[in-house]
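Below is one structure; the comments refer to it alone.
Letters go in sequence order (proteins before strands), and every chain restarts at 1.
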Amino acid sequence: MIITKELAQKWFTVFAEKVIQDKEQLSEYDRIIGDGDHGMNMARGAQQLLSSWQETPPVHLADVFKQAAMKWISGVGGASGPLYGTAFFEMAKAIGTKEELQHEELVNVIKAGFDGIRKRGKSEVGQKTMLDVWAPAIESLEEKQLTTEILETTLTKVTALKATKGRASFLGERSINEVDPGAASSKLFFEALLEAGDLNGD
Amino acid sequence: MVTNIGIVMVSHSKDIAKGLYDLILQVAPNVSITYVGGTVDGDIGTSFETVQQAIEENTCDQLFAFYDLGSAKMNLEMAAELSEKEIEIMDVSFIEGVYCTAALFEMNADLPAVINELEKLMIKR
């Protein structure tokens with residue numbers, strides 16, 4: 001399938017709606033493992049994005065990602081603001097002036113987002129962070145095998161990890177079997193992508 | 001004469017930021033120090049915009065920046081990337097790092113000496 005501006009906007013709209021809907025749950029995960037504001041912060045950015053689209057809808061495909069980046073950087077704060085903001089911004093840069101993304105291009109754009117998170121957070125896969133959802137999701141997407149079941153299994157695996165990066169790393173062993181809030185919201189991001197369109201087809 | 005490098009402090013808490021500022025003022029009344037603590041709404045956290053503000057409000061164009069926890073650093077990094085100012089983010093213990101820098105700046109110590117002292121206070125990776 002081909003990603004257009006309309007589809008990308010649907011992707012982010014569904015993501016924003018999911019974040020707003022799950023904000024209590026995300027903050028609850030964060031209360032155990034971090035500072036308890038992940039859901040509220042993310043929902044604030046999500047709400048701002050949805051509202052801003054009422055007034056200034058995106059013109060080009062990259063605008064969808066650029067506008068989301070701005071809302072996350074300026075409106076969300078904490079760690080998730082810079083992390084998601086950087087991811088969306090790097091995705092916008094990777095899209096450039098393209099108005100359509102073929103499957104392979106979409107994968108590369110998401111990889112650019114992944115690299116942005118990695119650099120901003122100075123983290124690697126295996127440290128119980130967002131990256132531990134993004135990496136397997138990208139891999140499955142590349143093989144046109146991404147499903148909500150895979151995302152579910154992925155989050156379960158991340159939950160079993162010990163955090164060695166971010167606030168949760170202060171908990172050491174106690175972080176094992178607790179859900180990482182950034183991983184949980186990342187799962188919503190990929191679920192939203194699945195709901196926006198049939199990615200595994202042509 | 002006091003150095004032309006300013007200090008920016010970013011904390012998750014307005015009370016920590018204000019408290020540290022009050023402490024530093026005792027040893028470095030002539031150093032340009034700006035700070036931000038908490039979010040725009042006064043809650044615990046950090047936000048990009050308030051960090052940006054603290055950077056721009058500082059009268060110096062070269063800044064040493066200090067932070068308490070990781071997410072403060074990320075917002076600092078983003079603001080630093082977008083600022084025209086030359087900003088060095090210090091991965092040192094927050095209170096000791098700021099205090100030591102401010103005291104040395106106040107007595108116009110040379111830069112290598114300040115860096116040397118800060119290296120001993122490196123705790124964040």
Quiz item: Should the pair A/Lys119-B/Glu77 be classified as a salt bridge under the 4.0 Å nitrogen-to-oxygen rule?
Solution: no
- Query: What do you reckon, is CD of B/Glu86 surrounded by more than 12 foreign heavy atoms closer than 6.0 Å?
  - Reply: no
Is it the case that over 12 heavy atoms from other parts of the model lie below 6.0 angstrom from the CZ atom of A/Arg174? no
Closest non-hydrogen atoms of A/Gly78 and B/Ser71, given as atom of the first, atom of the second and distance, are C-CB, 3.4 Å
query = If you draw a 6.0 Å radius around NZ in A/Lys5, do more than 12 non-hydrogen atoms from other residues or ligands fall strictly inside?
reply = yes
### Message
Looking at A/Lys23, I want to see if its NZ is surrounded by more than 12 non-hydrogen atoms of other residues, nucleotides or ligands under 6.0 Å.
### Response
no
Max heavy-atom pairs within cutoff under 4.5 Å with chain B, candidates A/Val76, A/Leu83, A/Thr86, goes to A/Leu83
Discussion item. Just checking A/Gln21: does its CD atom have more than 12 heavy atoms from other residues, nucleotides or ligands closer to it than 6.0 angstrom?
Written reply: no
When the 4.5 angstrom heavy-atom criterion is applied to A/Phe170 and chain B, the contacting part is side chain
Q) Any chance CZ of A/Phe15 has more than 12 other-residue heavy atoms, nucleotides or ligands included, within less than 6.0 Å? A) yes
Within residues 33-52 of chain B, the residues sitting under 4.5 Å from chain A by heavy atom, in sequence order, are B/Ile44, B/Thr46, B/Ser47, B/Phe48, B/Glu49
In short, A/Gly121 meets B/Met74 closest at the heavy-atom pair CA-SD, 4.3 Å
| Over 12 foreign heavy atoms within 6.0 Å of CD, A/Glu104 | no
**OP:** Mark yes or no for whether B/Asn75, through its side chain, and A/Gly77, through its backbone, hold a donor-acceptor pair below 3.5 Å.
**Re:** no
